[in-house]
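A short worksheet on the structure shown next.
Not measured: the values here are computed from a predicted model.
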Amino acid sequence: MRVALLLVRFAAAVVGDERYREQWEADVVGARELGMSPLSVAFGAVWLGSVRWVSR
């Protein structure tokens, strides 16, 4: 889960919005309860962060 949290922190830094970091970290932490991989959630955040960064 540490790698997943690092990834979402990186993605939020790219986007430049602290709200995303808080939300994505909560999503990573709660992923297992929903039967999801925290790493896959983190990669989704990285993908979204890159899309938002490119669309600036």
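Nearest heavy-atom pair, Gly49 versus Val14, reported as atom, atom and distance to 0.1 Å: O-CG1, 4.0 Å. Of all the heavy atoms in Val8 and Val28, the pair that sits closest is CG1-CG2, 3.6 Å. Of all heavy-atom pairs spanning Ala4 and Ala42, the tightest one is O-CB, 3.4 Å.
Within the 4.5 Å cutoff, no side-chain heavy atoms of Val15 are placed close to those of Phe10.
Leu5 and Val46 fall into different hydrophobic clusters, where Ile, Leu, Val, Met, Phe, Trp and Tyr are joined by side-chain heavy atoms under 4.5 Å apart, directly or via other members. The hydrophobic cluster containing Trp47 does not contain Leu39, counting ILVMFWY residues as joined when their side-chain heavy atoms lie under 4.5 angstrom apart, directly or transitively. The hydrophobic clustering, which links ILVMFWY residues whose side-chain heavy atoms are closer than 4.5 Å, places Leu6 and Met1 apart. Grouping the Ile, Leu, Val, Met, Phe, Trp and Tyr side chains by contacts below 4.5 angstrom, directly or via other members, places Val3 with Phe43.
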Quick one: do Leu48 and Trp24 satisfy side-chain contact (heavy atoms from CB on, under 4.5 Å)? Show the steps, please.
-> CA-CA 11 Å; Leu48 182 62; Trp24 290 340; 3.7 Å; yes
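The residues Arg19 and Glu22 are annotated as not salt-bridged, no charged nitrogen and carboxylate oxygen being separated by less than 4.0 angstrom.
Here the CD atom belonging to Glu25 is positioned 11.5 Å from the CG atom belonging to Leu7, to the nearest 0.5 angstrom. The line from CG of Asp27 to CD of Gln23 is 4.5 Å long, rounded to the nearest 0.5 Å.
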